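Just so we're on the same page: letters track the sequence lines, and every chain starts at 1. For the numbers below, each heavy atom of this structure counts, side chains included, while hydrogens, waters and symmetry mates do not. No experiment lies behind these values; they were computed from the predicted model shown.
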Amino acid sequence: MSQFFELTLSGLSLGCIYALLAMGFVIVFKATNVVNFSHASIVMLGAYLVASWNDSLGFFGAMAASAVVCAIAAAALDVIFVAPLRRRAGGTDAVAILTIALNILLGTLLARTVGTDILPSGAPWGAETTSILGARIPQTRIAAAIVAMAVMGVFYVAFTRSDWGVSMRAAATDPEAAALMGIRLSYVAAGAWAVAGVLAAIGGAFFISFPASGVSSSTGLLALAAVPVAVAGGLDSPFGALIGGLVIGVAQTLASGYQDHIAFLGRGLGEVIPYAVLFVVLLWRPSGLFGTKEMSRV
Amino acid sequence: MLKVDDLQVVYGGVRALRGISLEVGEGEVVAVLGNNGAGKSTLLRTISRTLSLHHGTVVSGSVELGGKAITGDAADVVRRGLVQVPEGRRIFGDLTVDENLRAGGLSASRSRRAAAAARVYATFPRLDERRDQRGGLLSGGEQQMLAIGRALMSNPKVLLLDEPSLGLAPQMVDFVGALVRDINATGISVLLVEQNAAMALEVADRAYVLEVGEVALAGVAEELAASDEVRDRYLGVAPSPDVEPVTAPSVPRITTGERTPKPLRAEGVTVRFGGLVALGEVSLDVEPGTTHALIGPNGAGKSTLMNVLTGVYQAGEGSVRYGDDTLTAMRPAEIAALGISRTFQNLALSHTATVRENLLLGRHRHWNAGFITAGLRLPGARRALAEQTRIVDGIAETVGLGGKEREPLSGLSYGDLKRVELARALCAEPTLLLLDEPVAGMNHDESQEMARAIAQVRETLGITVVLVEHDMPFVMGLADRVTVLDFGRVIADGTPAEVQQDPEVLRAYLGSSDTANSVKGDLKS
C-alpha cells in the first residue's frame, strides 16, 4: 500500500511537469490552430540550456535565461516558417507536417550537440527526498509541482484578465472577426509561441531533474509525451492539459513501479503508457477529456 | 472619405468584382444592395483587407480612405478609422459581453476605451444588463447590438455594416435601421450592405445596386426606392419573363428508366439547432411533374428544408414522404437512389476537370464497369465509357452546354458553371430535382437563360422540380406553385399570382418601416 501511495504521489508530481509541457502545446493550438510538434525540441533546447548554464548562472538563473531564449526561438519558428505557410492558405495538416520537419531538424541538431553526454540539470535539491506521510518523494518533484501550479495560476489570470488574454481568446474563437476588430493575428500567434517557449524551458528544466539523470540525446523524444498528454486532455483546453498530465503521469509511474508484477507485458512499459492512455481516452471521448467538440456552423 | 475606383477581384479563376467604383462622402450613409453572389461581401472584404483570408486577389483598381490608399492588413485598416461589422454578427461567443467590447477596443488607447465603453452601454442598456453574460447566450437582436457596439469601441470614422438585418425579426430590423441613423448622427460615415432593400433605402442617403460584380444602378436612395427597376428586382412585381416551354424537344430523351415522378409531401417538419428553431411545423405538397418554388428572406429556413429533403439534416419532428417512401427515415445515399438529385447554392464541382468528366462523375450510379475492368480498360469498360459519354453529352446539350464538353471548368463563366451543376444533377436521372439557388449571382439575361434551360428540362423529362431562389422575376416566371417561408414557418402557399398579392409576403420582404421609431423607443426604455 505504501508503495502504491508513493508511486501515486510521484506520478502526480511527474504529471505536473507533463502538464507544463502540454500547456505550451495547447496554447499554440488554441491561438493558431497549429498542432505544434516542434514543441518537443524546444523543450529539449530549454533543458539543454539550463544544463549548460547552471554552473555560471545557477539553476534558477539558467532557467530564466533559457526561458527567454526559448521564447525567442519558438516565436522565430512561427514568424519564419509557420506564418508564411499559414498566410498562403496552408491547411492545418500541412502546417502540422511542417512542425514535424522542424522538430526533426532542431532535435537532430540538439542531439548532435549533446552527443553521448548526459548533462545534469543542476537543480539545487540534487537527489534529496522528503517524506510525506511515509512516502519518499524527490524534492525536485515537490518543487516542480509548486512551480507548475504557480505558473499555471499566473497564466490563468493573464488569460482571463489581461488584454493579451482577451485578444488571444478572441482570435481563437473567430480569427477573421478578431482581425476586423483590429487585433493583430500575427502578434497573437507569435505571442502564443513565445509563451509556449517559456513553458517549455521551465518544464524542460524539471523534466531532466532528479529522478531523471539529465539532458541526453533522447530528451526530445521523451518530451514528445507532451503530445498524448495534450490530446488526451483536449487539444484546446488548458485545464485539460493539467488533468491529462496528472492522469498520464500517475499511469506511467504506476506502470513502471509495478513493472515486475506485469512483466509479461514486456520491459519499458512506462514509455508506452502515455499512448495507451491516449488510445483509451479517445475511444471514450474523441475530443479528449475537456476538448470542445468540433461544431459545424449553422 | 472612402473611395473605391474600378475595383476588380478574383477568387481562383472566378471573377467576383468586375470594375466597381463607388464613394462614401463624409457624414453620409451609403447603401449597397444586391442578391447573393452580386459581390457585396467581396467589396467589403477588399475594403477591410480580409480578402486574403478568403484567397481572393485584387486584379486592378484602388481603395482610398481619406485620400490615401489602404494598405497592410485588417488591423491596420482599423487603426486608420475604418471598422467592419461582419455578416452574421460573428461575436466572440465564449467571451462575455464586456470582454467582447474590450476586444473591439484593443486598438484604441486605454483612456479612450473607457469612454467608448460607457457610450456603447448608454446606447444599448440591454448590453449593460448582460455585461457578464457570455456573448453566445444572447438573442439574435442582442448579438447584433453587441456586434455593432464592439465595432464602435475603436472610435471609427467609417463603419461598414454587412447585412445587419440578416435573420432578425421585423421589429429588430427597424431598430437596426434607426440605429444606423443614430450612429451616423454622431458623425460616423456608414457603408451599409443589405439584402433588405426597404430598410436600406429608408436609412441611406445614396445607394448602389450591385449585380454580378458590377454597379447596375446608382443614385439617391429615395429615387431608387421609387424606381420600377428596384421594385421589380426585390419584389418580383414585374411582368413575368417570357419562358416559352419547349414543346418539341430537339434533343434525345435522356431517361431510359421506367421511373416516374411521385408526389412529395412534407408534414409538420420541425428542425432545431440548439435552441434555435430553423423550421417550425413546415408542411409542403408538391405534385408530380410540376415546378415548385420555395422562397423567403435569408435565414427563413429554405436551405434547411432542402437539407431535410435530401437527408443531410434530421428532422426533429414531422415526416417527408416521396410516393410511398419516408425520406425522413432514410440516409442521404438511399434518398439519392430513389431518384432525388440536388444542386448546391455554392458550386460543388471539380474545377480542374472538364465538363464531361464532371458529368461522368454524376453518372456514377449508372456505371456498371467494375474496378478491375475499368482499371485495365478492358473492352467492356471502354464500351460503357463510350455509352456514358454519349449520354452526358446529350445532357450537356439539353442545358445549353453543347460544344463545351471538353473544356476545363476553370475557364468557364459563372453562368456556365451553374449549368454544369444542373447537368450533373440530371446525370443521376432523377425524377425529383432539387435546385438550391440555381441563378444566384447571375445577371438578368443569364437567369432568363437558366429559366429556359430548367423549363426545357422539365418538359423534356417530365420530372418534378423543387427550387429555392431569391430572384423573384425568375421564380414568378417559372414556378407552378410557390411556398413562402419566413423564420422557419410557412407564411403563404399558392400560385405565383396569389403569393405576390399576399400581404404577409409583402411584409416579410419589405418590412414595415413606419413602426421603426416606436419600436426603437420601446427597446431603449
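In summary, A:Asp163 and B:Arg113 engage in a salt bridge, as defined by a charged side-chain N under 4.0 Å from a carboxylate O. Comment: A:Arg169 does not engage B:Asp94 in a salt bridge, judged by the lack of any side-chain N to carboxylate O separation of less than 4.0 angstrom.
Within the 4.5 Å cutoff, no side-chain heavy atoms of B:Met153 are placed close to those of A:Met181. With a 4.5 Å cut-off on side-chain heavy atoms, A:Leu180 and B:Arg90 do not count as touching.
For chain A, the nearby part of B:Arg110 is the side chain; its heavy atoms alone come within less than 4.5 Å. Heavy-atom distances place both the backbone and the side chain of B:Asp76 under 4.5 Å from chain A. Neither the backbone nor the side chain of A:Ala172 comes within less than 4.5 Å of any heavy atom in chain B. Proximity to chain A (any heavy atom under 4.5 Å) is restricted, for B:Arg79, to the side chain, taken from C-beta onward.
Residue-environment remark: OH (A:Tyr156) stays at or below the threshold of 12 foreign heavy atoms within 6.0 Å. Around atom CZ of B:Arg112, no more than 12 heavy atoms belonging to other residues, nucleotides or ligands sit under 6.0 Å away.
Looking only at heavy-atom pairs under 4.5 Å with chain B, the residue among A:Gly165, A:Ser162, A:Ser186, A:Pro175 that has the most is A:Ser162. Ranking B:Ala74, B:Ser107, B:Ser48 against chain A, the residue ahead of the rest is B:Ala74, based on heavy-atom pairs under 4.5 Å. For the options A:Asp174, A:Ile183, A:Thr160, heavy-atom pairs under 4.5 Å to chain B are most numerous at A:Asp174.
Heavy atoms only, all atoms of each residue included: B:Arg150 and A:Ala177 are closest at NH2-CB, 4.3 Å.
Between the CG atom in A:Leu185 and the CG atom in B:Asp73 there is a gap of 7.5 Å [rounded to 0.5 Å]. One finds the CD atom of B:Glu99 at 11.5 Å from the OG atom of A:Ser167 (value rounded to the nearest 0.5 Å).
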